[in-house]
Amino acid sequence: MIFSILEHILTHISFSIVSIVITIHLITLLVNETVTLSDSLEKGMIVTFFCITGLLFTRWIYSGHFPLSDLYESLIFLSWSFYIIHMIPYFQNQKTHLSAITAPSAIFTQGFATSGLLTEMHQSKILVPALQSQWLMMHVSMMVLGYAALLCGSLLSVALLVITFQKNISSFGKIKNLLNESFFLSEIQYITIKSTILQRTSLFSFTNYYRSQLIQQLDHWSYRVISLGFLFLTIGILSGAVWANEAWGSYWNWDPKETWAFITWTIFAIYLHIRTNTNLKGANSAIVASIGFLIIWICYFGVNLLGIGLHSYGSFTLTTI
């Protein structure tokens with residue numbers, strides 16, 4: 001009873017703090033004095049991380065098994081993974097745009113986990129025989145960490161595509177306007193309007209430079225985060241194959257979950273291969289990563305909704321990852 005109350009308190013505290021964190025992050029996008037607000041955002045993320053960590057440990061203690069046996073626990077662990085990814089560059093004193101991805105992702109997953117849809121799963125239950133193995137911690141934790149990193153990297157790629165698209169549209173429109181203005185210059189207004197056009201061109205070049213820098217940063221961090229997620233996913237699939245051999249007598253059964261995990265691995269293997277070609281970096285590789293974003297959700301969540309295969313133990317109310 002005490003553990004249940006403690007888990008309930010930590011859940012609401014963490015959800016409330018991350019909601020405030022997102023509000024602060026939105027404010028930093030609207031005001032100029034962002035130093036204090038940005039520092040508060042980071043502190044809020046750290047406090048929430050410890051609350052989620054305490055929640056997982058609490059559930060681990062009173063359930064007697066690693067808290068990754070159902071959809072509710074995996075969503076909480078996924079939310080915890082987003083905080084881990086957020087804090088790695090923070091403690092390395094590197095400025096990134098990950099907070100714009102990790103904070104909303106964390107509140108989305110945690111919000112869904114604590115919603116009324118998964119109420120029956122909030123109470124821990126005895127594991128089915130297939131999950132009573134030491135491989136549970138290794139396989140499932142690696143898979144969820146891989147999902148979290150790949151989702152963050154994919155969202156950074158989506159942001160890259162949006163900015164690139166806006167940049168191309170904006171560049172075309174401004175160049176067209178400048179050509180029209182220069183074409184219709186009169187002799188009397190030549191000097192004044194020419195000066196105006198040069199100022200606009202300079203401002204355009206200045207804005208274009210920082211957009212290019214932002215695109216490069218997004219591409220860089222997307223590659224780093226996806227590479228980390230790909231490593232976790234590979235370890236998760238290999239450990240899952242060993243576990244499957246112990247539980248079912250075969251390393252690979254072409255179960256729907258296994259099939260989509262393999263498809264996910266293939267998509268991001270293609271992404272990493274494309275990134276080795278300098279001419280295909282940026283938007284080309286980002287398109288592949290954006291496709292991977294949808295594939296991950298099908299693998300992680302969509303397959304379980306069908307309630308079929310060796311990885312589905314019961315209905316939607318008791319779904320494993």
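This chain uses plain numbering: 1 for the first residue, then up along the sequence.
- The two residues Val144 and Phe77 make their nearest non-hydrogen contact at CG1-CD2, 3.4 Å.
- In this structure, Ile85 and Ala148 approach most closely via the heavy-atom pair CD1-C, 3.6 Å.
- Listed by first then second residue, pairs satisfying salt bridge (Lys or Arg N to Asp or Glu O under 4.0 Å) with a partner in residues 228-254 number zero, not counting sequence neighbours.
- Taking each heavy atom of Ala149 and Val225 in turn, the nearest pair found is O-CG1, 3.0 Å.
- Counting heavy atoms from C-beta on, the side chains of Phe82 and Ile101 never come closer than 4.5 Å.
- Closest non-hydrogen pair, Arg275 versus Ser285, comes out as CD-OG, 3.4 Å.
- Between Leu68 and Ser141 the shortest side-chain heavy-atom distance falls below 4.5 Å.
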In a table with atom names and distances, give each donor-acceptor pair under 3.5 Å that connects a side chain of residues 45-55 to protein atoms at least two apart or in another chain.
unit_1	atom_1	unit_2	atom_2	d
Thr48	OG1	Gly44	O	2.7
Thr53	OG1	Phe49	O	2.8
Thr53	OG1	Trp80	NE1	2.8

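- Under the 4.5 Å side-chain criterion, counting only non-hydrogen atoms from C-beta, Ile76 is not in contact with Pro67.
- Summarising the geometry, atom NE2 belonging to His139 is positioned 8.5 Å from atom CD1 belonging to Ile237; distances are rounded to the nearest 0.5 Å.
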Check: residues 261-274 side-chain donor-acceptor pairs under 3.5 Å, at least two apart:
unit_1	atom_1	unit_2	atom_2	d
Thr264	OG1	Trp260	O	2.8
Trp265	NE1	Thr234	OG1	2.9
Thr266	OG1	Phe262	O	2.8
Tyr271	OH	Tyr223	N	3.4

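- Partners of Tyr251 according to the side chain to side chain contact (heavy atoms under 4.5 Å, CB included) rule, which considers only residues two or more places apart in sequence or in another chain, are Ala241, Asn245.
- The hydrophobic cluster containing Leu238 does not contain Phe232, counting ILVMFWY residues as joined when their side-chain heavy atoms lie under 4.5 angstrom apart, directly or transitively.
- Applying the side-chain hydrogen bond (donor to acceptor under 3.5 Å, both in side chains) rule to pairs touching residues 151-160 yields Ser157-Ser222, sequence neighbours excluded.
- Evaluation of the salt bridge (Lys or Arg N to Asp or Glu O under 4.0 Å) test over residues 153-163, restricted to residues two or more places apart or in two chains, returns none.
- Taking CH2 from Trp297 and CG from Leu151, the interatomic distance works out to 5.5 Å, rounded to the nearest 0.5 Å.
- Between Leu56 and Phe66, the closest side-chain pair of non-hydrogen atoms is not below 4.5 Å.
- By the 4.5 Å heavy-atom criterion applied to side chains, Met137 and Trp60 are counted as neighbours.
- In terms of heavy atoms, Ile226 sits closest to Gly153 at CG1-CA, 3.6 Å.
- Taking the side chain as every heavy atom from C-beta outward, Leu233 and Met143 approach each other to under 4.5 Å.
- Residues Leu161 and Ser290 come closest through the heavy atom pair CD1-OG, 3.2 Å.
- When side chains are defined from C-beta on, Tyr147 does not count as touching Ser81, because their heavy atoms never get closer than 4.5 Å.
- Checked by atom type and distance alone, the side chain of Glu258 never pairs as donor or acceptor with a backbone atom of Trp252 at under 3.5 Å.
- Contact check for Leu78 versus Tyr300: side-chain heavy atoms found under the 4.5 Å cut-off.
- With Asp255 contributing its side chain and Lys257 its backbone, the two residues share a donor-acceptor pair below 3.5 Å.
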